[in-house]
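The basis for the numbers below is simple: all heavy atoms, side chains too, and nothing from hydrogens, waters or symmetry mates. Along the sequence shown, the residues carry numbers beginning at 1. Everything numeric here is computed off the predicted structure, so don't read it as measured data.
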Amino acid sequence: MGDRLIVGLDLPSVDAAEKMVRDLDGVCGFYKIGYRLAFAGGLEFARDLAAEGKKVFLDLKLLDIDNTVAEGVESIVKLGVTMLTLHAYPKAMRAAVEAARGSDLCLLGVTVLTSMDQQDLVEAGYQYEPHALVMRRAAQARAAGMGGVVCAASEAHTVSGIVGQGMAVVTPGIRPAGAAHGDQKRVMTPADAIRAGSSHLVVARPIVAASDPRAAAQSILDEMKTAA
């Protein structure tokens, strides 16, 4: 289960992230670096982690014109990271897949952010309700040749049926029983997420904000094992 739990290093500095990785050594070996850390020296830190044999999920949610996405992916491939996100827009996905061809980089299409609900999509101008848009984008990710998708765990079962066993189904919004939801609106417990068909779980605050991150991570891994 160790490779299926991705710890979100949603921390303000590389020093804090390095300490967290040391604290979790031997328990976790897969880490997510998002905007906060990436823009605080986290890209070089990602390279260092990869060089040390750790797996790195670079959560940058790329979206731009085709050429810009492709050039960005070409640079990211050189970091040696394991996963990279981009918003699941067909043209962007196709450009990214072509740019990553021949590498080991797993490209993930972000379907609908787990902080968004029906009203949020309406305000953003979408005509689809969240579930329908997630399914549409999952199918488009498969058609584009992506390595996987990011979706809410509550959608993992249906999404896995669309993308098949060869693609990753990565689910954020994971909260152990009793934990606060924060800004997440579509959440699930670790065990339920595994049962639903998630291939990887992304967990940040319940681990990195815990008084004992190592114990928190181990507890989540133990819960995941009960559902395997």
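Within the 4.5 Å cutoff, the side chain of Lys54 has heavy atoms near those of the Tyr31 side chain. Side-chain atoms of Leu62 and Ile76, non-hydrogen and from C-beta on, do get closer than 4.5 Å to each other. Annotation: side chain of Leu63 is in contact with side chain of Tyr89 (closest heavy-atom distance under 4.5 Å). Leu84 is not listed as a side-chain neighbour of Leu108, based on a closest heavy-atom distance of 4.5 Å or more. Counting heavy atoms from C-beta outward, Val203 and Ile6 have side chains that stay 4.5 Å or more apart. The shortest distance between side-chain heavy atoms of Arg175 and Met188 does not fall below 4.5 Å. A heavy-atom distance below 4.5 Å is found between the side chains of Cys151 and Thr171. Two residues are said to be in side-chain contact when any heavy atoms from C-beta on lie closer than 4.5 Å; Asp222 and Lys225 meet this criterion.
Rounding to the nearest 0.5 Å places CD of Glu18 at 8.0 Å from CG of Leu49. The CZ atom of Arg22 lies 10.0 Å from the CG atom of Asp25; values are rounded to the nearest 0.5 Å. Asp66 contributes atom CG, which lies 11.0 Å from atom CD of Glu71 (distance to the nearest 0.5 angstrom). Atom CG of Leu133 sits about 8.5 Å away from atom CE of Met116, to the nearest 0.5 Å. Of the inter-residue distances, the one linking Asp64 atom CG with His87 atom NE2 reads 11.5 Å to the nearest 0.5 angstrom. Taking CZ from Arg214 and OG from Ser219, the interatomic distance works out to 14.0 Å, rounded to the nearest 0.5 Å.
At a threshold of 4.0 Å, the pair Asp192-Arg195 counts as salt-bridged, since one of the basic side-chain nitrogens sits closer than that to a carboxylate oxygen. Classification of Asp59 and Lys32 as a salt-bridged pair holds, one side-chain N sitting under 4.0 Å from a carboxylate O. Checked for salt-bridge contact, Asp15 and Lys19 miss the test: no charged N lies under 4.0 Å from a carboxylate O. Taking 4.0 Å as the cut-off between side-chain N and carboxylate O, Lys55 and Asp3 count as a salt-bridged pair.
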Check against side chain to side chain contact (heavy atoms under 4.5 Å, CB included), Val159 and Met135:
CA-CA 6 Å; Val159 166; Met135 300 311 134; 3.7 Å; yes
Val170 vs Val202, test: side chain to side chain contact (heavy atoms under 4.5 Å, CB included). Steps then yes/no.
CA-CA 7 Å; Val170 180; Val202 180; 3.6 Å; yes
Could you go step by step and tell me if Leu201 and Arg4 meet the side chain to side chain contact (heavy atoms under 4.5 Å, CB included) rule?
CA-CA 6 Å; Leu201 310 187; Arg4 299 180 69 179; over 6 Å; no
Evaluation steps, side chain to side chain contact (heavy atoms under 4.5 Å, CB included), between Glu129 and Leu121
CA-CA 7 Å; Glu129 52 87 21; Leu121 289 179; 5.8 Å; no
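In terms of modelled atom types and a separation under 3.5 Å, the side chain of Ser198 and the main chain of His200 share no donor-acceptor contact. The backbone N or O of Ala156 sits less than 3.5 Å from a side-chain atom of Ser160, completing a donor-acceptor pair. With hydrogens and angles disregarded, no donor-acceptor distance shorter than 3.5 Å links the side chain of Thr158 to the backbone of Glu155. No donor-acceptor pair closer than 3.5 Å links the side chain of Glu74 to the backbone N or O of Ala99. Arg142 places a side-chain N or O within donor-acceptor distance of the main-chain N or O of Ile162, the cut-off being under 3.5 Å.
Around the CD atom of Gln119, the shell of radius 6.0 Å holds more than 12 heavy atoms that belong to other residues, nucleotides or ligands. Atom CD of Gln165 has 12 or fewer neighbouring heavy atoms from other residues, nucleotides or ligands inside a 6.0 Å radius.
Residue Phe57 is tested with Leu9, Thr85, Ile33 for a side chain to side chain contact (heavy atoms under 4.5 Å, CB included); the sole match is Thr85.
A continuous path of Ile, Leu, Val, Met, Phe, Trp and Tyr side chains, each step under 4.5 Å between heavy atoms, connects Val14 with Phe39, placing both in one hydrophobic cluster. Cluster membership for Val112 and Val122, using ILVMFWY side-chain heavy atoms within less than 4.5 angstrom, is not shared.
For the pair Met83 and Ala168, the tightest heavy-atom approach, listed with the atom from each and the gap, is CE-CB, 4.3 Å. Annotation for Ala16 and Leu11: closest pair O-CD1, 3.7 Å, computed over non-hydrogen atoms. Closest heavy-atom contact between Tyr128 and Gln118: O-NE2, 4.1 Å. Considering every non-hydrogen atom in both Val81 and Ala50, the closest pair reads N-CB, 4.5 Å. The shortest heavy-atom contact between Val163 and Ala138 is CG1-O, 3.8 Å. Minimum heavy-atom separation, Arg94 to Ala144: CG-CB, 4.1 Å.
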